[in-house]
S.K.: 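Take this structure first; my questions come after.
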Protein chains: 2
Amino acid sequence: MIDTFETQLREHGLSVTAQRLTLLQTISDYPHITADQATEIARKQLGSISRQSVYDTLNMLVEKGLARRIQPFNSPALFEDRVGDNHHHLVCRNCGAVEDVDCAVGYRPCLQASDDNNFVIDEAEVTYWGLCPKCQSKNSKSRKSTPQTRKAKS
Amino acid sequence: MIDTFETQLREHGLSVTAQRLTLLQTISDYPHITADQATEIARKQLGSISRQSVYDTLNMLVEKGLARRIQPFNSPALFEDRVGDNHHHLVCRNCGAVEDVDCAVGYRPCLQASDDNNFVIDEAEVTYWGLCPKCQSKNSKSRKSTPQTRKAKS
DNA sequence: ATCAAAATTTGGACAATGTCCATAATTTTG
DNA sequence: CAAAATTATGGACATTGTCCAAATTTTGAT
């Protein structure tokens with residue numbers, strides 16, 4: 001697996017470093033991970049890695065199309081491995097849980113805008129908002145968790 | 001017009017204050033406005049208003065369904081007046097420009113998730129990503145403006 | 001109108017997320 | 001292996017947003 005990551009980096013003209021390999025592994029192991037969480041996990045592998053390297057690497061992976069970034073409201077950016085299939089996301093308004101949803105169309109942009117305003121559109125990002133099963137049951141209590149609340153628990 | 005805003009507030013059991021009326025007017029006048037920009041504009045009307053009041057008010061308006069919040073990557077949250085028609089947005093990857101796009105369906109959620117993972121879905125938010133007409137032409141230069149760059153210009 | 005209670009606003013501190021920059025370290029190239 | 005290029009590091013800093021307690025304003029009932 002690590003070998004595949006190395007190949008991916010080289011194919012994009014990037015130097016191969018332990019930091020990058022580890023982060024590729026990390027977002028592959030933990031879809032929808034934050035930069036902070038990725039830093040924690042990468043540090044267990046590497047001993048240490050700077051916060052800046054994590055941001056640099058994740059941003060670069062997104063730029064190169066090796067990772068995807070989603071940014072739900074009230075949440076730091078989440079990174080995922082799964083790329084190129086234009087899948088979508090289900091986000092819980094209460095607890096922030098994120099699930100993947102396959103795109104019925106499967107290629108980008110999967111939707112036609114009713115009027116493109118002369119934009120050149122390359123992607124239609126769909127976010128379904130609602131309540132996850134867990135938050136449906138404890139509906140009446142602990143609603144509206146703040147970002148802090150959510151973060152504290154993690 | 002101000003009168004309508006007053007009515008809207010009262011209907012939702014909210015006190016009527018100059019700050020709230022001004023902010024309702026502001027997001028009506030300037031769709032896709034940031035909290036900071038709204039603060040600037042509101043201050044011209046009111047003389048002064050605290051940053052906290054702006055955030056409180058905008059958050060409250062969103063919560064009550066009197067405003068909508070969108071949050072494109074690399075941009076602070078944007079607020080808009082237009083509510084309840086489940087329209088969508090076109091976002092320029094280069095300069096961050098945002099345009100409204102009507103939803104062909106018109107009511108929420110306008111899309112069916114391919115698998116709802118047992119979520120109760122109430123909205124499908126669609127963001128079309130691409131390049132606006134202006135950024136298509138000056139394609140080769142000034143790509144990838146950072147948030148800073150964008151902010152500086154505004 | 002007036003007053004007490006409730007709701008709102010204020011300002012200052014603080015938190016979270018992310019970027020800038022110059023230097024050090026590592027990786028690649030020849 | 002050494003030079004050149006790329007990457008990583010850490011510390012400062014910017015931006016966006018929230019917490020909190022005190023002051024002010026609005027509301028509802030006389």
Side-chain angles (χ1 to χ4, degrees), chain A residues 6 9-24 33-40 42-43 45-64 69-79 96 144-154, chain B residues 6 9-24 33-40 42-43 45-64 69-79 96 144-154:
Chain A
E6 179 167 343
L9 290 173
R10 291 200 194 285
E11 278 171 353
H12 287 273
L14 301 165
S15 299
V16 176
T17 68
Q19 289 89 341
R20 286 171 178 177
L21 293 175
T22 301
L23 283 167
L24 275 166
I33 201 176
T34 66
D36 247 32
Q37 294 167 333
T39 304
E40 264 188 75
R43 280 187 178 147
Q45 296 289 316
L46 293 168
S48 79
I49 183 176
S50 71
R51 214 161 57 102
Q52 188 60 47
S53 289
V54 175
Y55 277 102
D56 282 353
T57 301
L58 292 176
N59 286 338
M60 184 218 65
L61 293 177
V62 169
E63 188 134 335
K64 296 292 183 181
R69 177 199 288 113
I70 61 176
Q71 178 131 349
F73 173 68
N74 253 355
S75 165
L78 306 179
F79 295 87
K144 286 287 156 198
S145 67
T146 65
Q148 248 89 324
T149 313
R150 271 220 297 289
K151 171 123 345 103
K153 113 181 166 223
S154 73
Chain B
E6 179 166 344
L9 291 172
R10 291 200 194 284
E11 278 171 352
H12 287 272
L14 300 165
S15 298
V16 175
T17 67
Q19 290 89 340
R20 287 172 178 176
L21 293 175
T22 301
L23 283 167
L24 276 166
I33 200 175
T34 66
D36 246 32
Q37 294 167 333
T39 304
E40 263 188 75
R43 280 188 179 148
Q45 295 290 315
L46 292 167
S48 79
I49 183 175
S50 69
R51 214 163 54 104
Q52 188 60 48
S53 289
V54 174
Y55 278 102
D56 282 352
T57 300
L58 292 176
N59 286 338
M60 184 218 64
L61 292 176
V62 169
E63 186 135 337
K64 295 293 184 180
R69 176 201 286 113
I70 61 175
Q71 177 130 350
F73 173 67
N74 253 356
S75 165
L78 307 178
F79 295 87
K144 284 289 155 199
S145 67
T146 65
Q148 249 91 322
T149 313
R150 271 220 298 288
K151 173 124 344 104
K153 117 186 159 218
S154 70

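Naming: A, B, ... by sequence-line order, numbering from 1 per chain. Values in this document were obtained by computation on a predicted structure and should not be read as measured data.
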S.K.: Between B/Glu6 (CD) and D/dT26 (P), how many Å, whole number?
M.R.: 11 Å
S.K.: Applying the Watson-Crick and G-U wobble criteria at under 3.5 Å, what pairs with C/dG30? Answer none if nothing qualifies.
M.R.: D/dC1
S.K.: Are A/Asp36 and A/Pro76 packed together at the side-chain level, in the sense that at least one heavy-atom pair is separated by less than 4.5 angstrom?
M.R.: no
S.K.: What is the minimum heavy-atom distance between A/Leu21 and A/Glu6, and which atoms define it?
M.R.: CD2-N, 3.7 Å
S.K.: Would you mind reading off the distance between B/Gln71 atom CD and D/dT15 atom P, rounded to a whole angstrom?
M.R.: 17 Å
S.K.: Return the value, rounded to whole Å, for the distance between atom CG of A/Leu23 and atom P of D/dT7.
M.R.: 14 Å
S.K.: Measure the distance from CG on B/Leu46 to P on D/dT25 and round it to the nearest whole Å.
M.R.: 13 Å
S.K.: Which sits closer to the 5' end of DNA chain D, B/Val16 or B/Phe79, going by the nucleotide each is nearest to?
M.R.: B/Phe79
S.K.: Is any side-chain heavy atom of A/Leu78 closer than 4.5 Å to one of A/Arg69?
M.R.: no
S.K.: Take atom CD of A/Glu11 and atom C1' of C/dT28, then tell me their distance rounded to the nearest Å.
M.R.: 18 Å
S.K.: Should A/Asn59 be listed as having a side-chain N or O under 4.0 Å from OP1 or OP2 of C/dG18?
M.R.: no
S.K.: Looking only at side-chain N and O atoms, does A/Tyr55 come under 4.0 Å of OP1 or OP2 in C/dG18?
M.R.: yes
S.K.: Just how far, in rounded Å, is P of D/dT6 from NE2 of A/His12?
M.R.: 17 Å
S.K.: Assign a letter to each nucleotide of nucleotides 1-11 of chain C from its 5' end: B, base within under 4.0 Å of a protein heavy atom; S, sugar-phosphate only; -, no contact.
M.R.: ------SSSBB
S.K.: Taking the nucleotide of DNA chain C with the closest heavy atom to each, which residue, A/Arg10 or A/Arg69, is nearer the 5' end?
M.R.: A/Arg69
S.K.: Do you know which two heavy atoms are closest between B/Ala42 and B/Ile49, and how far apart they sit?
M.R.: CB-CG2, 4.1 Å
S.K.: Whole Å only: how far is the CD atom of A/Glu63 from the P atom of C/dG18?
M.R.: 16 Å
S.K.: Out of B/Thr57, B/Leu58, B/Asp56, which one pairs with B/Val54 under the side chain to side chain contact (heavy atoms under 4.5 Å, CB included) rule?
M.R.: B/Leu58
S.K.: Tell me the closest heavy-atom pair linking A/Gln71 and A/Ala77, and the distance in Å.
M.R.: OE1-CB, 3.6 Å
S.K.: If the test is side chain to side chain contact (heavy atoms under 4.5 Å, CB included), which one of B/Leu23, B/Thr17, B/Thr22 qualifies with B/Arg20?
M.R.: B/Thr17
S.K.: When the distance from CG of A/Asn74 to P of D/dG17 is rounded to whole Å, what number comes out?
M.R.: 10 Å
